[in-house]
There are 2 protein chains.
Amino acid sequence: MAVTINDIAKAAGVSRTTVSRVLNDSGYVKKETREKILKSIQQLNYTPSAIARSLSTNKTNTIGVIIPEINNSFFGEIIKGISQVADEHNLNLILFNTDDSKAKELKALKLLKEQRIQGIMITLTYPEDGVNSEYLNTLKNLDIPVVLIDGHVECSNFSGVFIDHSKGAYDGTIALIKEGHKKIAIITGSINSRPAKNRLNGYKKALAANNIPINEEYIFYGDYKHENAYEITKKILDMKDRPTAIFAMSNMMVLGCMKALYEENIVVPDDMAIIGFDKIEALNIIGMNISFINGPTIEMGRTGMKLLIDNLKNKKETRELKRITLLPELVLKGSEKYIGKNKV
Amino acid sequence: MAVTINDIAKAAGVSRTTVSRVLNDSGYVKKETREKILKSIQQLNYTPSAIARSLSTNKTNTIGVIIPEINNSFFGEIIKGISQVADEHNLNLILFNTDDSKAKELKALKLLKEQRIQGIMITLTYPEDGVNSEYLNTLKNLDIPVVLIDGHVECSNFSGVFIDHSKGAYDGTIALIKEGHKKIAIITGSINSRPAKNRLNGYKKALAANNIPINEEYIFYGDYKHENAYEITKKILDMKDRPTAIFAMSNMMVLGCMKALYEENIVVPDDMAIIGFDKIEALNIIGMNISFINGPTIEMGRTGMKLLIDNLKNKKETRELKRITLLPELVLKGSEKYIGKNKV
DNA sequence: GTGAAAGCGCTAACAT
DNA sequence: ATGTTAGCGCTTTCAC
């Protein structure tokens with residue numbers, strides 16, 4: 001890693017200023033001089049130091065990305081989107097995976113500040129205790145733009161990209177209602193998370209809009225996990241006034257439901273309609289067609305990154321708070337159908 | 001981002017050297033001085049610049065990670081492992097997702113060189129054309145340690161962590177043989193990829209070890225994708241001398257098989273045994289128990305990172321080529337069973 | 001068109 | 001126990 005701009009200057013018989021000019025395509029350089037320099041660069045296999053450049057220009061062209069669960073393909077897709085746009089703009093990504101730990105998240109934030117990154121994309125880890133978002137705020141005040149990516153926590157004072165969970169749940173519920181369902185059970189995610197609240201809201205709105213009374217007995221509070229949904233589904237099946245459809249707020253919970261239904265020999269949708277949140281690729285491939293509401297993950301990453309880049313262009317003073325909400329897509333596969341048999 | 005070490009020095013009435021000393025816990029500093037400095041750091045909310053430090057120390061404490069498919073949880077888990085160990089050693093990760101593009105991969109390599117990273121962890125994208133591994137070699141010669149993470153390509157001149165695909169396939173095949181299967185079909189992944197070759201090898205070895213002749217008609221060349229496996233399975237079901245078991249070389253292909261079996265009302269394992277590579281969480285949860293060979297992904301990330309860190313400690317001259325092979329785990333769920341009914 | 005010089009924020013001898 | 005000085009590799013005025 002020894003060869004520096006000085007070596008090139010020496011080799012080409014010019015000053016390092018001139019070398020810098022050809023490196024950055026700035027200012028005039030005589031054609032022959034440029035070629036001489038380029039040749040030396042080639043011969044010595046020189047690569048300029050981004051570190052030195054950063055120090056000098058006070059720009060790192062690096063974005064910090066903090067997410068809670070890198071091994072969850074939901075976040076993998078978000079990062080994929082982020083990465084695509086970053087690539088187009090020649091920005092590097094420093095990644096932190098917090099494993100849902102607030103402590104790691106805070107540490108990441110501090111390390112990113114050390115690294116003098118230009119901006120931060122973050123999905124805040126649940127539950128929010130205020131400390132980390134406070135630190136985020138100090139970063140923002142330090143002129144580091146922050147873009148939130150959906151997630152369980154919503155800090156209204158940051159720019160961000162979000163999914164319209166309420167609309168998603170609304171659409172899903174409407175789809176069930178249209179099929180003739182009136183007794184629709186819902187299994188929520190952790191109810192103090194933002195998505196779960198919003199989704200429950202959408203569900204209620206859809207019922208209200210169709211003059212279907214909200215039956216609290218049909219609202220089951222889960223935690224996004226499949227074990228829980230399994231137990232709840234068992235209970236649902238035992239209800240005297242049994243629902244004809246289940247709306248589960250996560251793909252994992254759909255799986256839990258399926259397990260319970262499977263064990264009790266309940267056929268979907270003949271004996272029970274079902275609809276969930278988020279894709280389950282495996283089931284689709286083998287032909288178990290479960291309808292679901294799909295969040296635009298890659299798009300969220302892309303949109304978020306673009307938002308951040310826009311922010312980068314403006315000075316702190318003119319930087320405006322911008323929150324973009326993307327609509328999830330309703331993907332109907334037939335599991336919502338109201339088949340005669342399930343008119344219990 | 002204005003406050004620097006000089007501001008602290010001024011505020012505390014000392015030289016920046018002394019400040020640097022307390023920052024790095026190096027050399028002696030009088031207790032009172034230290035406290036005065038720490039106080040100033042707090043008051044001014046100072047965070048040292050990693051950039052400036054890197055330039056000065058010629059160390060970035062940053063590792064470059066290049067993987068082909070961030071949205072595949074296989075790689076997500078690898079990164080999770082990498083990230084855990086990096087965190088323990090206070091190393092930052094610069095991530096590049098290549099989307100299986102050789103061009104992006106090369107670009108990433110060059111950007112990492114600019115960033116003066118300390119080392120590289122990479123899963124080379126398939127297919128290998130030689131250019132990128134050549135560039136990797138120049139980096140290695142530049143004293144940047146490189147650790148390969150499994151993948152389709154194997155460059156024998158780099159350190160790396162690999163899965164023993166041959167052993168995995170061997171174990172899986174043996175499990176089927178033990179159950180009494182003799183007619184075992186195998187659907188390979190892209191046969192010029194390293195894992196597919198090795199897995200086919202393991203399959204053959206297992207048969208040979210049990211004096212079961214290798215029937216070329218039972219070897220189907222696939223591409224890791226489910227569509228392909230679906231078609232192949234249809235063919236398998238039509239064979240005059242129909243196999244009693246299918247060994248599929250990827251989880252996606254298992255799904256393709258399942259779809260075909262499902263459509264033809266073939267019950268697993270009663271009418272057809274099946275075993276695959278890599279976990280399919282969704283199926284397990286709902287109770288469709290498919291046996292599989294599981295690669296230790298997180299562990300691979302961890303081991304690879306540790307290997308890299310070991311390399312970092314040594315000078316180029318003493319750096320030794322070290323290749324670690326991890327054993328995959330055979331997870332039996334019952335789908336491998338030889339049930340009377342499937343003796344076609 | 002090209003070069004000299006200063007400076008980015010830090011660390012690391014070397015003094016004292 | 002603390003300060004002085006030089007230097008890391010680059011960019012950026014400002015001269016010429």
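Below, read A as the first sequence line, B as the second, and so on, with proteins coming before strands; counting in each chain starts at 1.
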Over how many whole Å does the gap from A/Glu35 atom CD to C/dG1 atom P extend? 15 Å
Does the cation-pi check pass for B/Lys110 over B/Tyr135, that is, NZ or CZ under 6.0 Å from the six-membered ring centre and within 45° of its axis? yes
What protein N or O atoms touch nucleotides 12-16 of chain D N or O atoms at under 3.5 angstrom, if any, and at what distances?
residue: D/dT12; atom: O4; partner: A/Thr17; partner atom: OG1; Å: 3.4

Quick one: do the B/Ser159 and B/Lys322 side chains pair a donor with an acceptor below 3.5 Å? no
Select one nucleotide: of C/dC10, D/dG3, D/dC10, the one nearest the side-chain heavy atoms of A/Ile5. D/dC10
Gap between atoms CG and P, on A/Leu23 and D/dT11 respectively (whole Å): 6 Å
D/dA1, C/dC10, C/dG1: which one has an atom nearest the side-chain heavy atoms of A/Lys30? C/dG1
Indicate yes or no: does A/Arg34 engage A/Asp25 in a salt bridge with an N to O separation below 4.0 Å. yes
Taking side chain to side chain donor-acceptor pair (under 3.5 Å) as the criterion, tell me which of A/Asn6, A/Asp7, A/Thr4 meets it with A/Arg16. A/Asn6
How would you label the contact of B/Thr33 with the nucleic acid (heavy atoms, under 4.0 Å): base, sugar-phosphate, or nothing? sugar-phosphate
In this structure, OG1 of B/Thr60 is separated from CD of B/Gln118 (nearest 0.5 Å) by 4.0 Å
In whole angstroms, how far is the P atom of D/dT11 from the CD1 atom of A/Ile8? 13 Å
In whole angstroms, the gap separating P of D/dC10 from NZ of A/Lys59 amounts to 17 Å
Nearest-angstrom distance from the residue atom OH of B/Tyr46 to C1' of C/dG9: 7 Å
Nearest-nucleotide pick for A/Arg53, side chain only, options being D/dT11, D/dC8, C/dC8: D/dT11
Atom NZ of residue position A/Lys107 - does it have more than 12 heavy atoms of other residues, nucleotides or ligands inside 6.0 Å? yes
Check the distance between D/dG7's C1' and A/Ile51's CD1 and give it to me in whole angstrom. 16 Å
Rounded to whole Å, how long is the line connecting atom CZ of A/Arg116 with atom P of C/dG9? 9 Å
Output yes when at least one side-chain N/O atom of A/Ser15 is less than 4.0 Å from OP1 or OP2 of C/dA4, else no. no
Pick from B/Ile66, B/Ile122, B/Ile67, B/Leu109: which one makes a side chain to side chain contact (heavy atoms under 4.5 Å, CB included) with B/Phe96? B/Ile66
State which of C/dT11, C/dG3, D/dG9 makes the closest approach to the side chain of A/Ala52. D/dG9
Please report, rounded to the nearest Å, how far the P atom of C/dT11 is from the CG atom of B/Leu55. 11 Å
Residues B/Glu77 and B/Lys80 bridged, charged N to O under 4.0 Å: no
Less than 4.0 Å between a side-chain N and a carboxylate O, is that true for A/Lys306 and A/Glu299? no
Degree of bending in the helix from C/dG1-D/dC16 to C/dT16-D/dA1 once both end axes are built from five pairs, to 10°: 40°
